[in-house]
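These values consider heavy atoms only, across backbone and side chains, with no hydrogens, waters or symmetry-generated copies. Order of appearance sets the numbers: ligands from 1, and atoms from 1 within every ligand. What you see is a predicted model, and the numbers here were worked out from it, not measured in a lab.
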Amino acid sequence: MAVKHICCIGAGYVGGPTMAVIAQKCPDIKVTVVDINEKRIAAWNHEDLSKLPVYEPGLDEVVKEARGRNLFFSTEVDKAIEEAEMIFISVNTPTKTYGKGKGMAADLKYIELCARQIARVAKSDKIVVEKSTLPVRTASAIKSILENTGNNVNFQILSNPEFLAEGTAIQDLHAPDRVLIGGETSAEGERAIQELVDVYSQWVPKENILTTNVWSSELSKLTANAFLAQRVSSINALSELCEKTGADVNEVAKAIGMDSRIGPKFLKSSVGFGGSCFQKDILNLVYIAKTYGLNEVADYWEQVIIMNDHQKRRFANNIVSTLYNTVSGKKIAFLGWAFKKDTNDTRESAAIYVADDLLNEQAQIAAYDPKVEEEQMYADLDYLNTRSADENRQGLSVYRDPYEACKDAHAVAVLTEWEEFKEYDWKRIYDNMQKPAFVFDGRGILDKKLLNNLGFVYYRIGEGAQEAMEVQASH
Ligand SMILES: NC(=O)C1=CN([C@@H]2O[C@H](COP(=O)(O)OP(=O)(O)OC[C@H]3O[C@@H](n4cnc5c(N)ncnc54)[C@H](O)[C@@H]3O)[C@@H](O)[C@H]2O)C=CC1
Ligand SMILES: O=C(O)[C@H]1O[C@H](OP(=O)(O)OP(=O)(O)OC[C@H]2O[C@@H](n3ccc(=O)[nH]c3=O)[C@H](O)[C@@H]2O)[C@H](O)[C@@H](O)[C@@H]1O
């Protein structure tokens with residue numbers, strides 16, 4: 001039986017782009033993406049493709065091709081579940097903010113709600129696919145709910161974690177390094193796996209589709225994110241040592257990355273990783289390890305988060321100490337607020353934490369980001385609950401023009417690696433700033449020589465300031 005109808009519950013950063021690509025590549029399958037968030041669905045259905053709720057390069061083209069043909073966005077969850085033979089669950093799985101496992105475990109309430117809704121509505125056999133990132137062994141909980149509350153239809157649970165990165169989602173979905181599908185090792189399980197393999201093999205080469213047991217698949221997703229985040233924390237840990245010793249972290253990264261066993265990717269030192277998943281997934285891994293009493297395993301992975309928090313904090317501290325130990329009343333321009341370039345997503349962005357630290361020091365922050373809305377920035381700060389919403393609005397001003405953001409500033413801090421920052425007229429920025437004019441490049445993207453020649457005092461993550469090195473050399 002070939003799948004003809006797919007339903008995806010959750011029209012977020014994963015559900016939207018993933019299903020758009022499935023619909024684009026499988027014109028014979030009707031794909032309906034459903035969500036309880038009416039505003040989000042309306043945005044997915046917006047005629048003006050620049051209004052889609054997720055900004056991803058190339059996504060508009062994919063949606064344009066498939067939407068209305070075999071790709072639909074709707075709030076009618078029950079109807080879509082009933083119609084589909086295969087249902088993806090792609091809802092959010094944030095870190096728990098209450099009760100047992102608070103601040104560590106994944107909150108699975110949205111997953112459970114989906115499972116109960118599928119069980120209630122389904123009148124024919126369904127393949128249920130975990131697309132959300134889940135703790136290992138969640139499939140057994142979903143299965144138990146489906147089988148105990150369902151209408152005596154058969155359910156097969158598959159794990160099919162998503163590995164796309166934001167900003168390159170369409171590229172990653174079109175040509176994934178691998179598609180991972182985990183399922184039961186029974187004959188029914190294998191048939192279900194094959195149904196999903198058949199969907200992906202419309203465009204993904206067979207050798208890139210990996211099938212495993214369901215627990216390996218669930219755990220591989222957490223492991224992949226933990227390894228990736230660990231690389232960033234590793235290079236960031238070394239960036240601090242570079243700053244003290246006169247080594248340059250970019251040169252070190254290049255030198256080690258040429259070792260084919262290490263490889264060059266994911267070695268870019270930064271102000272700290274952000275994004276909705278790295279921290280959440282590692283905390284979840286730490287929590288799972290702890291629940292099995294594996295304390296050394298838990299401590300090992302927790303260090304990745306500790307290092308990342310340190311990196312964000314020391315970036316803010318360096319701004320304060322360099323600006324003569326006070327930023328009170330000083331305008332600090334932020335270039336970038338998103339957690340990486342080419343996305344409007346700000347979840348866990350380093351910019352939020354650096355801003356929070358500087359606001360504690362009474363700085364006046366002037367932020368510019370080409371894709372992030374003003375209200376989002378305020379919501380990000382308010383979410384931390386450090387101070388009142390009014391105080392956040394007094395401390396942070398949001399600009400639509402980067403030159404205005406930098407005007408009269410004591411310092412510019414680069415928080416996101418947007419390409420356009422490299423192209424700015426830095427002489428114009430320099431001329432309009434307070435002197436000495438400082439730049440703190442948290443992404444290592446600006447042209448150091450050019451900036452120094454213009455008169456800026458330029459600090460880059462992972463590279464010691466000249467004065468620091470001279471002091472060192474005299475010892
Ligand atoms: N953002 C990313 O780049 C990646 C995320 N993931 C994982 O994918 C999952 C989803 O992440 P995002 O798409 O970023 O989250 P998101 O928050 O952007 O989207 C989730 C959507 O699910 C909807 N939803 C929640 N409960 C619902 C219900 N009962 N019925 C209908 N809709 C419901 C929400 O309204 C929301 O629009 C998470 O588990 C995440 O860890 C995996 C790979 C990449
Ligand atoms: O599960 C997820 O959500 C996804 O998490 C990451 O994707 P994403 O967070 O979208 O973006 P990344 O490119 O991984 O960047 C994460 C953070 O690390 C930072 N980073 C990344 C790479 C690097 O070398 N240095 C560095 O500081 C980025 O600036 C960003 O803040 C993974 O790369 C995806 O494979 C995974 O599917």
Side-chain angles (χ1 to χ4, degrees), residues 7-19 33-41 43-44 53-54 56 73-78 80-81 88-95 106-118 130-135 138 160-169 172-173 176-178 221-222 224-229 231-236 239 249 253 257 264-282 284 308 311-312 336 338-343 345-351 415-417 442-444 461:
C7 158
C8 173
I9 309 180
Y13 282 87
V14 169
T18 310
M19 293 301 127
V33 192
V34 291
D35 205 294
I36 40 177
N37 183 335
E38 289 177 11
K39 250 176 88 184
R40 219 169 200 184
I41 291 298
W44 280 113
V54 170
E56 275 294 338
F73 295 94
S74 163
T75 51
E76 293 184 278
V77 184
D78 283 2
I81 291 175
F88 287 77
I89 302 181
S90 189
V91 301
N92 35 331
T93 49
T95 304
D107 190 345
L108 298 181
K109 69 179 170 203
Y110 306 108
I111 295 287
E112 175 160 353
L113 281 172
C114 287
R116 289 188 183 275
Q117 188 162 8
I118 295 168
E130 300 173 344
K131 183 53 107 178
S132 298
T133 301
L134 298 170
T138 305
N160 171 222
E162 184 49 61
F163 295 101
L164 69 80
E166 289 180 28
T168 53
D172 296 342
L173 288 164
D177 284 354
R178 79 318 209 170
K221 173 64 197 176
L222 294 182
N225 274 357
F227 269 62
L228 289 168
R231 274 177 78 95
V232 179
S233 275
S234 296
I235 200 71
N236 280 345
S239 75
V249 76
K265 293 184 182 164
F266 249 74
L267 286 179
K268 182 79 192 146
S269 176
S270 66
V271 54
F273 62 74
S276 63
C277 293
F278 277 179
Q279 173 163 313
K280 153 178 95 65
D281 293 347
I282 292 177
N284 187 3
N308 196 48
Q311 188 76 350
K312 291 182 274 190
F339 81 97
K340 62 184 285 196
K341 72 174 179 181
D342 291 336
T343 178
D345 196 347
T346 63
R347 289 177 288 182
E348 292 299 327
S349 179
L415 277 308
T416 313
E417 73 280 24
R443 297 292 187 161
I461 279 277

Problem set entry | I111 vs V91, side chain to side chain contact (heavy atoms under 4.5 Å, CB included): CA-CA, chis, key distance, verdict | CA-CA 7 Å; I111 295 287; V91 301; 3.7 Å; yes
Problem set entry | Nearest option to atom 7 (C) of ligand 1, as decided by whichever heavy atom of T343, D172, T133, I111 sits closest | T133
For this session: Identify whether the distance between the nearest side-chain nitrogen and carboxylate oxygen of E130 and K221 falls below 4.0 Å.
Result: no
Exercise. Tell me: protein heavy atom nearest atom 35 (O) of ligand 2, and distance?
Worked result: F163 O, 2.7 Å
For this session: Compare all side-chain heavy atoms of L222 with those of T133 and state whether any distance is below 4.5 angstrom.
Result: yes
Seminar exercise, completed: Candidates D35, V14, I89; heavy atom nearest atom 11 (O) of ligand 1 found on V14
Exercise. To the nearest 0.1 Å, how far is atom 1 (N) of ligand 1 from its closest protein heavy atom, and which atom is that?
Worked result: E166 OE2, 2.8 Å
Exercise. In terms of residue, atom name and distance, what is the protein heavy atom nearest to atom 12 (P) of ligand 1?
Worked result: Y13 N, 3.9 Å
Exercise. With a 4.0 Å cut-off on heavy atoms, is G274 touching ligand 2?
Worked result: yes
For this session: Before accepting this row, confirm whether a basic side-chain N of the pair K341/E417 lies closer than 4.0 Å to the acidic partner's carboxylate O.
Result: no
Exercise. In terms of atom number and element, which parts of ligand 1 are under 4.0 angstrom from non-hydrogen atoms of S90?
Worked result: 10 (C), 20 (C)
Exercise. Can you tell me which residue and heavy atom of the protein come closest to atom 14 (O) of ligand 2, and the distance to 0.1 Å?
Worked result: F266 CZ, 3.1 Å
Seminar exercise, completed: Among non-hydrogen protein atoms, atom 25 (C) of ligand 1 lies closest to N92 OD1, 3.3 Å
Problem set entry | Nearest-option assignment for atom 27 (C) of ligand 1, heavy atoms, candidates V91, L134, T93 | V91
Exercise. Numbering the atoms of ligand 1 from 1, which are under 4.0 Å from a heavy atom of L164?
Worked result: 3 (O), 44 (C)
For this session: Report yes if some heavy atom in the side chain of R443 is under 4.5 Å from a heavy atom in the side chain of I461; otherwise report no.
Result: no
For this session: May I ask you to check whether E417 has an N/O atom sitting below 3.5 Å from an N/O atom of ligand 2?
Result: no
Seminar exercise, completed: So CG of L134 and CG of D281: to nearest 0.5 Å the spacing works out to 9.5 Å
Problem set entry | Q117 touching ligand 1 at heavy-atom level, < 4.0 angstrom | no
Seminar exercise, completed: The atoms of ligand 2 lying under 4.0 Å from a heavy atom of S270, numbered in the order shown, are 26 (C), 27 (O)
Exercise. So which of R347, K221, K280 gets nearest to atom 15 (O) of ligand 1, if we judge by its closest heavy atom?
Worked result: R347
Exercise. Which of the listed options, F278, F273, F339, holds the heavy atom that is closest to atom 8 (P) of ligand 2?
Worked result: F339
Exercise. In terms of atom number and element, which parts of ligand 2 are under 4.0 angstrom from non-hydrogen atoms of L228?
Worked result: 32 (C), 33 (O)
Problem set entry | contact_flag T133 ligand 2 heavy-atom lt 4.0 Å | no
Exercise. What distance do D172 atom CG and E166 atom CD have between them, rounded to the nearest 0.5 Å?
Worked result: 10.5 Å
Exercise. Less than 4.5 Å apart, any side-chain heavy atom of R178 and any of F163?
Worked result: yes
Exercise. Out of curiosity, is G275 lining ligand 2, as in a heavy atom under 4.0 Å away?
Worked result: no
Exercise. Does the N or O separation between E162 and ligand 1 drop below 3.5 Å for any pair?
Worked result: no
Exercise. When you look for heavy atoms under 4.0 Å from ligand 1, do you find them on the side chain of I9, its backbone, both, or neither?
Worked result: side chain
For this session: Provide, to 0.1 Å, the distance between atom 29 (N) of ligand 1 and the closest protein heavy atom, together with that atom's residue and name.
Result: C114 SG, 3.9 Å
Exercise. Which one holds for R347 and ligand 2: side chain close, backbone close, both close, or neither close, with close meaning a heavy atom under 4.0 Å?
Worked result: neither
Exercise. By number and element, which atoms of ligand 2 are closer than 4.0 Å to a non-hydrogen atom of C277?
Worked result: 1 (O), 2 (C), 3 (O)
Problem set entry | Residues S239, Q311; criterion side-chain hydrogen bond (donor to acceptor under 3.5 Å, both in side chains); working and verdict | CA-CA 9 Å; S239 75; Q311 188 76 350; 3.1 Å; yes
Exercise. Are any of the heavy atoms in K341 under 4.0 Å away from ligand 2?
Worked result: no
Problem set entry | Closest protein heavy atom to atom 28 (C) of ligand 1, given as residue, atom name and distance to 0.1 Å | I36 CD1, 3.9 Å
For this session: Can you measure from CD1 (I41) to CG (D35) and round to the nearest 0.5 angstrom?
Result: 5.0 Å
Exercise. Can you list the ligand 1 atoms lying under 4.0 Å from a non-hydrogen atom of S276?
Worked result: 1 (N)
Problem set entry | Sub-4.5 Å side-chain heavy-atom contact between F339 and D345 | yes
Seminar exercise, completed: In this structure, OH of Y110 is separated from OG of S90 (nearest 0.5 Å) by 14.5 Å
Exercise. Judging by distance only, is a nitrogen or oxygen of R40 under 3.5 angstrom from one on ligand 1?
Worked result: yes
Problem set entry | Sub-4.0 Å heavy-atom approach of K265 to ligand 2 | no
Problem set entry | Chi angles and distances behind the side chain to side chain contact (heavy atoms under 4.5 Å, CB included) call for N236, S270 | CA-CA 7 Å; N236 280 345; S270 66; 3.7 Å; yes
Exercise. Just heavy atoms, cut-off under 4.0 Å: does N225 contact ligand 2 by side chain, backbone, both, or neither?
Worked result: side chain
Exercise. Looking at L267, which atoms of ligand 2 are within less than 4.0 Å of one of its heavy atoms?
Worked result: 24 (O)
Exercise. Would you say E166 and ligand 2 have an N/O pair spaced under 3.5 Å apart?
Worked result: yes
Problem set entry | 4.5 Å side-chain heavy-atom contact, T168 and D342 | no
Seminar exercise, completed: If you compare I461, V232, T416 by their heavy atoms, the one closest to atom 20 (N) of ligand 2 turns out to be V232
Exercise. Atom OG of S132 and atom CD1 of I9: how far apart are they, to the nearest 0.5 Å?
Worked result: 9.5 Å
Seminar exercise, completed: Going by the 4.0 angstrom heavy-atom rule, the piece of L164 near ligand 2 is backbone
Problem set entry | Residue pair T93 / K280, side-chain donor-acceptor N/O under 3.5 Å | yes
Problem set entry | Residue portion contacting ligand 2 (non-hydrogen atoms closer than 4.0 Å) for K221 | side chain
Exercise. Which heavy atom of the protein is the closest neighbour of atom 29 (O) of ligand 2, given with residue, atom name and distance?
Worked result: R443 NH1, 2.7 Å
Exercise. Mind checking whether F273 and F278 have parallel, tilted or perpendicular rings, split at 30° and 60°?
Worked result: perpendicular
Exercise. Is there at least one pair of N or O atoms, one from D281 and one from ligand 1, spaced under 3.5 Å apart?
Worked result: no
Seminar exercise, completed: Nearest non-hydrogen protein atom to atom 25 (N) of ligand 2, with distance, is K268 O, 2.7 Å
For this session: Mind checking whether C277 contacts ligand 1 via backbone (N, CA, C, O), side chain (CB onward), both or neither, at a 4.0 Å heavy-atom cut-off?
Result: side chain
Seminar exercise, completed: To the nearest 0.5 Å, atom CG of D78 lies from atom CD of Q117 at 5.0 Å
For this session: Please write down residue, atom name and distance for the protein heavy atom closest to atom 15 (O) of ligand 2.
Result: K340 CD, 4.0 Å
